[in-house]
Number of protein chains: 2
Amino acid sequence: MKLTSRSEYALLALVYLARHETEDYISAEAIALAQKIPLKFLEQILFALKRAKYLRSSKGQHGGYHLAKPADKIALADIIRLFDGALAPTESVSKYFYESTPIEKEKNLVKVFKGIRDYVSATLETTTIADVV
Amino acid sequence: MKLTSRSEYALLALVYLARHETEDYISAEAIALAQKIPLKFLEQILFALKRAKYLRSSKGQHGGYHLAKPADKIALADIIRLFDGALAPTESVSKYFYESTPIEKEKNLVKVFKGIRDYVSATLETTTIADVV
DNA sequence: ACAATCCCCATCAGTTTAGTAGGATAAGTG
DNA sequence: CACTTATCCTACTAAACTGATGGGGATTGT
């Protein structure tokens, strides 16, 4: 369960936007200042969130971002998957431990990691931005 | 919870050794063949395990490795920590979410990840090589 | 016209990862 | 003693990933 700063920043940005949902568009700069995220880096992240339909945006003066769906419809898992790829168990784990492999013997090891993955997955899948706000 | 291949290989090697605990020293080559691990890479890993007192070893003909402690005294967490550093939440998560930071507001987010970390930690801490064998 | 703001891609330095290579050292065998 | 087998230990490398930074172009409101 490795969280990159991209994921962290994305979550922080979404939480911020959710908290100011009633207001107008909020600029990247405002978010960057509030959540202490490098502006240009945040821009990339917001753009990705927009492409993935989590945000709406408007250009020009008084432009900015806005949640594109209700905060309780955005699971943490969605966002983390968007930036970090597959959930909890990383490539190595999924490839080695979950897929067919020459070594079928270590079923017990697989079970342990599967249990962890399932827990992490379930937690992040059921927790939404709204829960965090 | 990112598992590097170092950790995976280490676990596989230990499981193999635990399974052959009654026998004499087992060579790196034997483990490499059985668990399909690149020999020279495995050597590094075994050496690290030895340095960390999980293995005893003997050089020369009929040399090899042997568990230095009972398999039920080696937690998966021990090994993963040895190779991957801190458990479940990675640097970014621990630094950002767990340590004092300018943004103290997102306590709820912290809570979610702390819950995950605790679960992962508890699971890996209580599961031993013996449990897997 | 102009300023603010998003859009979008290119680049980059540093770190990590997964492995390879090679030789030094030690132990058992004839 | 010489030889073989194995561990010990360091150094190196290619590729990927991470966390940014930079620079313009496109749009929109005033």
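The chains referred to below are lettered A, B, ... by the order of the sequence lines, with proteins before strands, and numbering in each begins at 1.
- Whole-Å rounding puts the Leu46(A) CG to dA4(C) P distance at 20 Å.
- At whole-Å resolution of the value, CD in Glu8(B) and P in dA18(C) are 8 Å apart.
- Counting heavy atoms from C-beta outward, Lys114(A) and Lys107(A) have side chains that stay 4.5 Å or more apart.
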Would you tabulate the pairs of protein nitrogen or oxygen atoms and nucleotide nitrogen or oxygen atoms of nucleotides 22-24 of chain D closer than 3.5 angstrom?
unit_1, atom_1, unit_2, atom_2, d
dG23(D), O6, Lys40(A), NZ, 2.2

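- Residue Glu29(A) is the one, among Glu29(A) and Phe83(B), whose nearest nucleotide of DNA chain C lies closer to the 5' end (criterion: closest heavy atom).
- The residue Tyr25(A) sits apart from the nucleic acid: no heavy atom pair falls under 4.0 Å.
- Residue Asp24(A) contributes atom CG, which lies 11 Å from atom P of dG29(D) at whole-angstrom precision.
- With dG19(D), dT21(D), dT5(C) as the candidates, the nucleotide lying closest to the side chain of Pro38(A) is dT21(D).
- For Lys59(B), the salt bridge (charged side-chain N to carboxylate O under 4.0 Å, His left out) test picks out no residue, with sequence neighbours left out.
- Remark: the backbone N or O of Thr128(A) is paired with a side-chain donor or acceptor of Asp131(A) at under 3.5 angstrom.
- Within residues 51-60 of chain B, the residues having any heavy atom closer than 4.0 Å to DNA chain D are, in order of number, Ser57(B), Ser58(B), Lys59(B), Gly60(B).
- For His62(B), the side-chain atoms get nearest to dG28(C) when compared with the rest of dG28(C), dG19(C), dT30(D).
- Side-chain proximity of Gln61(A) to dC8(D), dA4(C), dT5(D): nearest is dA4(C).
- Regarding Ile45(B), its CD1 atom lies at a distance of 15 Å from the C1' atom of dT7(D), rounded to whole Å.
- The ring-ring contact (aromatic ring centres under 6.0 Å, His included) test with His66(A) singles out one residue from Tyr25(A), Tyr16(A), Tyr54(A), and that residue is Tyr25(A).
- Counting only distance, with no hydrogens or angles, the side chain of Thr127(B) and the backbone of Leu124(B) share no donor-acceptor pair below 3.5 Å.
- Nearest to the side chain of Phe41(A), among dC7(C), dG19(D), dT5(C), sits dG19(D).
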